[in-house]
Amino acid sequence: MHPPSRKTLTKPSNPTKSAKPASAARPARAASPAAAQPAALPAFALTEIKPDSLAFSLVGAAHAVSYVLEGTALPQALARVFAQTNASPQARGAIQDISYRTMRQVGCVDALLTLMTSKPPEPPLLYSLMCCALTLIVKVEGEDAPYEDFIVVDQAVNAAASSPHMVFAKGMVNAILRRFLREQPELLATVMKQPTALWNYPQWWVDQCKAAYPQDWQAILRSGNQAPPLTLRVNRRLISVADYLSMLEQAQMAATQIGPYAVRLAKPVPVLQIPGFEQGMVSVQDAGAQLAGPLLDVQDGMRVLDACAAPGGKTGHLLELADIDLLALDSDPKRVDRIHENLARLKLFANIKTGDAGKNNWWDGQVFDRILADVPCTASGIVRRHPDIRWLRRKMDAVQLAASSARLLDNLWNMLKPEGKLLLVTCSIWPMESEAQAVAFGQRHGAIRLDAPGQLLPKLDGNNDHDGLFYALFQKPAV
Ligand SMILES: C[S@@+](CC[C@H](N)C(=O)[O-])C[C@H]1O[C@@H](n2cnc3c(N)ncnc32)[C@H](O)[C@@H]1O
């Protein structure tokens with residue numbers, strides 16, 4: 001693998017933040033240090049190419065991919081790109097689509113570039129442009145090619161020519177892409193011998209998955225390379241699932257009910273095009289994540305703590321289920337703003353605070369009937385939604401995150417009433433963050449372990465579609 005890409009692909013991330021989604025679009029997570037101090041990437045000036053061309057979208061996506069390779073999460077990378085251009089909604093959609101596809105293919109296209117070039121394309125923007133263009137012409141099983149091959153080659157050359165930082169390499173861009181098209185079967189057969197290229201995950205991720213799930217590891221890795229469906233949670237306070245399905249039918253949007261409140265759209269659309277979204281009738285939430293609210297078994301009048309609440313996906317669900325006195329806490333002030341926004345849209349109310357669940361300075365000393373601990377984790381169960389995560393994470397992140405989550409859980413346990421229930425949730429598939437954490441926690445506190453799904457592996461089969469999540473439910477013994 002080319003040194004610059006490998007070096008940047010494995011750059012340490014900040015493991016204290018969860019990479020969990022806010023809604024359909026990914027969450028406003030605090031920018032990483034790399035994002036705060038952009039590296040020497042050229043300014044994104046696109047005066048030379050038409051804003052509705054594929055070349056424009058390729059340059060935009062190449063910038064986003066370059067930011068990710070520096071260590072920035074893809075949603076923040078895209079936000080930076082959009083802030084630097086006046087891209088139309090259509091162009092933004094195309095830039096986003098190409099960037100996400102590239103993150104799912106970068107193991108393979110990086111190996112192809114290594115095979116076809118004597119040294120890595122530089123500057124990094126050129127490397128990223130090549131990754132984006134190759135991604136669009138590498139055939140992915142079960143997916144239609146988004147553009148004709150010859151259009152991609154032509155537009156990638158235009159994209160290189162549009163930038164003073166890449167114009168010198170437009171001949172090389174043309175030559176490499178055409179060579180790939182000529183020699184595709186042989187080149188792919190060669191690179192597919194490398195697990196990183198075959199699976200499109202770092203080697204350590206493949207090894208760790210194989211060790212944890214000797215039977216299922218291939219299906220798990222494969223599921224992370226699929227584009228996710230758009231699943232909604234119907235707000236039962238405002239509309240029944242049956243009535244909402246009729247509403248979708250009237251809007252000629254095909255959909256299926258896949259859970260008590262979960263409706264999956266046949267074709268994902270931008271959130272603002274979802275009927276009733278702005279009115280709070282539905283929220284975007286994976287079907288697996290919708291298990292949290294019912295598992296916590298909230299009843300009217302209960303005092304409930306949602307300890308790691310932002311952006312408020314599960315907070316909203318809890319409030320839809322019962323009339324509870326809910327405190328929604330999160331340590332990240334920017335993400336706390338998202339809780340306010342989400343609850344305002346749903347027309348629901350919670351006491352919202354910024355604070356560290358591992359400390360007591362925000363707590364009034366009154367114990368809770370229920371505590372939801374959706375603790376920060378590696379987000380390894382939601383890589384289909386966040387394909388950049390696998391490249392940003394480091395092998396040791398799970399260990400560090402498990403240790404910091406144990407500290408939160410121990411503190412929260414003191415805030416639970418005798419006979420009260422605490423639900424531990426992660427969106428991880430790594431046992432050290434999930435089952436091993438739950439076992440150790442139960443032993444430390446003599447907690448009663450109640451029935452809960454445990455490790456849900458990511459699933460793609462029809463109506464049983466959900467992310468990879470972990471649920472452990474504990475009850476505090478009576479005094
Ligand atoms: C998995 S996300 C929560 C997702 C949320 N429950 C939902 O369903 O939308 C984990 C959250 O934990 C927050 N967090 C991390 N460390 C924390 C701490 N020490 N105290 C409170 N919140 C923390 C992060 O800011 C992040 O928003």
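Order of listing sets the numbers, starting from 1, for every ligand and every atom in it.
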Looking at ligand 1, would [X] count as a contact under a 4.0 Å heavy-atom criterion?
| X | result |
| --- | --- |
| G355 | yes |
| A292 | no |
| L329 | no |

Using a distance-only test with no angle check, is there a side-chain donor-acceptor pair under 3.5 angstrom linking [X] and [Y]?
| X | Y | answer |
| --- | --- | --- |
| S434 | S428 | no |
| R390 | N225 | yes |
| Y244 | N235 | no |

I389 CD1 to I382 CD1 distance, which is reported to the nearest 0.5 Å
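Interatomic distance, I389 CD1 to I382 CD1, rounded to 0.5 Å: 5.0 Å.
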How many angstroms lie between CD in Q218 and OH in Y213, if you round to the nearest 0.5 Å?
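Answer for the CD-OH pair, Q218 versus Y213, is 15.5 Å.
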So is there a nitrogen or oxygen of [X] less than 3.5 Å from a nitrogen or oxygen in ligand 1?
| X | result |
| --- | --- |
| P376 | no |
| V375 | no |
| G358 | no |

Does A309 approach ligand 1 within less than 4.0 angstrom via side chain, backbone, both or neither, non-hydrogen atoms only?
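Backbone only.
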Nearest option to atom 26 (C) of ligand 1, as decided by whichever heavy atom of L412, D374, D330 sits closest:
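Of the listed residues, D330 has the closest heavy atom.
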Should one rank S331, P311, S283, C308 by closest heavy-atom distance to atom 16 (N) of ligand 1, which comes out on top?
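Of the listed residues, S331 has the closest heavy atom.
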Parallel, tilted or perpendicular: which fits the ring planes of F441 and F474, with parallel below 30° and perpendicular above 60°?
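It falls in the perpendicular class, over 60°.
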Against heavy atoms of [X], which atoms of ligand 1 measure under 4.0 Å?
| X | result |
| --- | --- |
| A357 | 18 (C), 19 (N), 20 (N), 21 (C) |
| R335 | 2 (S), 25 (O), 26 (C), 27 (O) |
| G312 | 9 (O) |
| L408 | 18 (C), 19 (N) |
| D356 | 18 (C), 19 (N), 20 (N) |
| D332 | 25 (O) |
| A307 | 21 (C), 22 (N) |

Would you call K314 and D374 a salt bridge, taking side-chain N to carboxylate O under 4.0 Å as the test?
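Salt bridge between K314 and D374, a charged N being under 4.0 Å from a carboxylate O: yes.
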Is the shortest side-chain heavy-atom distance between T231 and Q290 below 4.5 Å?
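Sidechains of Q290 and T231: in contact.
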Is there a side-chain contact between K417 and K476, using heavy atoms and a 4.5 Å cut-off?
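No. Closest side-chain heavy atoms not under 4.5 Å.
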Less than 6.0 angstrom separating the ring centers of W430 and W205, yes or no?
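So the answer is yes for these two rings.
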